[in-house]
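Atom set for the values below is all heavy atoms of this structure, side chains included, hydrogens, waters and symmetry mates excluded. Just so it is clear: chains get the letters A, B, ... in the order the sequence lines come, proteins before strands, and each one is counted from 1. Quantities reported herein were computed from a predicted structural model and do not represent experimental measurements.
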Amino acid sequence: MKRILNKMFSNLTVGAITVAALLPVVTLNAEAANPQNMLAMYQDQSGTQGSATRGEKFFFAKRAHSNGETVSCTTCHTENPKATGKTRANKLIEPIAPVANKERFTDPAKVEKWFKRNCKDVLERACSEQEKADFIAYMLSVK
Amino acid sequence: MMGINKRNLSILLATILGSSFLLTASWGSSGDAVFAAVTHGPTKEECSACHMAYPAGLLPARSWKKMMGELDRHFGEDASLAPEVASDIAKYLTENAADIPRGTQMMSRIASGIPGNSDPQRFTETRYFGYLHDEVPAYVWKRKGIASKANCTACHTKADQGSFIEREIKIPKQ
């Protein structure tokens with residue numbers, strides 16, 4: 001019994017050390033995310049440079065949704081990336097441009113979550129990695 | 001055939017008055033219009049991203065279950081979440097839904113107004129909501145400051161904390 005307990009304890013210790021060793025890495029990654037390296041990540045994934053010009057066009061492009069509405073990124077984010085937007089349910093959206101909102105593009109999971117949702121809502125398809133790079137490049141160019 | 005005489009008329013009036021009294025008495029005053037504030041972290045965070053985090057007690061468990069199973073088509077928008085986050089939120093919502101046995105009086109009134117074979121996705125389409133808002137005329141609903149029936153906080157100033165009591169109501173003038 002004692003041997004079993006000892007073994008369990010040592011396994012626990014090893015486990016705790018492993019977790020402790022992994023933690024700083026995970027935290028550092030989360031801390032390190034910023035608009036510049038998120039842009040770099042999407043550029044890597046798409047193999048192209050992000051273009052602020054293309055991103056701007058993308059942001060303002062209006063399209064006819066299959067539900068009959070005319071939609072665009074600006075429907076909710078407004079035509080000014082530095083302004084506060086509004087969801088369809090009337091809730092405020094903090095500005096999308098990093099210059100006006102330091103939280104933007106600093107959480108990779110959040111960025112992916114919203115690209116997935118909003119690309120589907122506006123374009124009715126997923127966005128390409130290049131479109132994501134362009135989008136961030138444009139947002140970074142807004143001063 | 002009965003002609004309209006005084007006696008018939010008074011019976012008719014009494015019937016109308018009586019039935020309207022019964023209708024009112026069926027649910028009575030709104031009572032304690034306070035729901036538990038959404039304290040569950042992921043529910044609060046995810047559900048308040050686009051609208052206020054509605055109290056779980058506004059809909060029965062079967063409604064929440066349906067909603068959490070089709071988040072990719074959430075009132076015409078994609079609100080999809082990672083499966084583990086969605087099921088965590090679904091657990092909280094169903095465990096605190098209108099039809100739980102230990103619910104408040106208001107929760108059981110909401111639940112009792114919903115037919116067992118339906119799973120409404122909007123509280124505003126339930127009978128109890130209609131009962132509580134029957135004095136709000138259509139033109140008020142159309143005011144810019146309200147915009148949508150889903151916009152509770154437009155009039156119920158503390159709705160986002162789960163409180164809908166009468167004295168906190170402030171209806172936008174336009």
Side-chain angles (χ1 to χ4, degrees), chain A residues 26 29-30 33 58-59 61-78 83-96 100-128 131-132 135, chain B residues 38 41-55 58-59 67-68 70-86 88-89 121-125 140-161 170-172 174:
Chain A
V26 174
N29 271 343
F58 178 91
F59 184 72
K62 289 185 167 53
R63 83 173 272 277
H65 192 281
S66 65
N67 67 10
E69 283 177 43
T70 302
V71 290
S72 156
C73 304
T74 62
T75 306
C76 296
H77 290 290
T78 82
T84 305
K86 222 178 213 183
T87 68
R88 291 185 172 106
N90 231 27
K91 182 137 185 164
L92 296 183
I93 304 172
E94 296 300 326
I96 182 81
N101 178 2
K102 287 190 171 58
E103 306 270 302
R104 284 297 174 196
F105 313 110
T106 59
D107 179 347
K110 203 170 171 179
V111 172
E112 270 298 295
K113 179 172 90 176
W114 288 102
F115 268 136
K116 176 174 184 278
R117 291 174 166 185
N118 295 350
C119 292
K120 199 169 144 201
D121 283 336
V122 177
L123 302 170
E124 298 180 79
R125 62 165 175 82
C127 286
S128 68
E131 284 168 327
K132 294 175 190 174
F135 189 89
Chain B
V38 178
T43 306
K44 203 175 165 184
E45 156 107 20
E46 299 296 347
C47 302
S48 71
C50 303
H51 51 67
M52 97 176 209
Y54 299 109
L58 290 179
L59 287 174
M67 193 181 294
M68 296 309 291
E70 48 188 39
L71 278 180
D72 57 329
R73 289 155 289 143
H74 187 66
F75 301 98
E77 287 194 29
D78 180 1
S80 53
L81 289 167
E84 63 276 12
V85 180
D88 187 24
I89 292 174
Q121 298 296 287
R122 301 172 195 265
F123 170 60
T124 52
E125 283 169 5
V140 171
W141 286 116
K142 287 187 193 124
R143 286 180 185 164
K144 246 188 139 176
I146 299 178
S148 154
K149 281 188 179 170
N151 191 11
C152 309
T153 45
C155 305
H156 298 277
T157 52
K158 290 189 177 163
D160 54 351
Q161 296 154 49
K170 210 177 152 207
I171 299 173
Q174 46 183 309

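Contacts between Ala49(B) and chain A at a heavy-atom distance below 4.5 Å involve backbone atoms as well as side-chain atoms. Asn67(A) does not touch chain B: none of its heavy atoms, backbone or side chain, sits under 4.5 Å away. In this structure, no portion of Leu71(B) lies under 4.5 Å from any heavy atom of chain A. With a 4.5 angstrom heavy-atom cutoff, Lys86(A) does not touch chain B via any of its atoms.
Listed by sequence position, Asn151(B) are the residues of residues 150-161 of chain B in contact with chain A, using a 4.5 angstrom heavy-atom cutoff.
The shortest distance between side-chain heavy atoms of Glu124(A) and Asp78(B) does not fall below 4.5 Å. Contact of the Ser148(B) side chain with the Arg88(A) side chain is not registered, since no non-hydrogen atoms from C-beta on lie closer than 4.5 Å.
Under the rule for a salt bridge (Lys or Arg N to Asp or Glu O under 4.0 Å), the partners of Lys62(A) that lie at least two apart in sequence or sit in another chain are Glu79(A). Applying the side chain to side chain donor-acceptor pair (under 3.5 Å) test to Lys113(A) and every residue at least two apart in sequence or in another chain returns Glu46(B). For Glu70(B), the salt bridge (Lys or Arg N to Asp or Glu O under 4.0 Å) criterion is met by Lys66(B), not counting sequence neighbours.
In terms of modelled atom types and a separation under 3.5 Å, the side chain of Lys120(A) and the main chain of Asp72(B) share a donor-acceptor contact.
Nearest approach of Ala89(A) to Cys50(B), heavy atoms of both residues: CB-O, 3.5 Å. The two residues Ala147(B) and Asn90(A) come nearest to each other via the heavy atoms CB-ND2, 4.3 Å.
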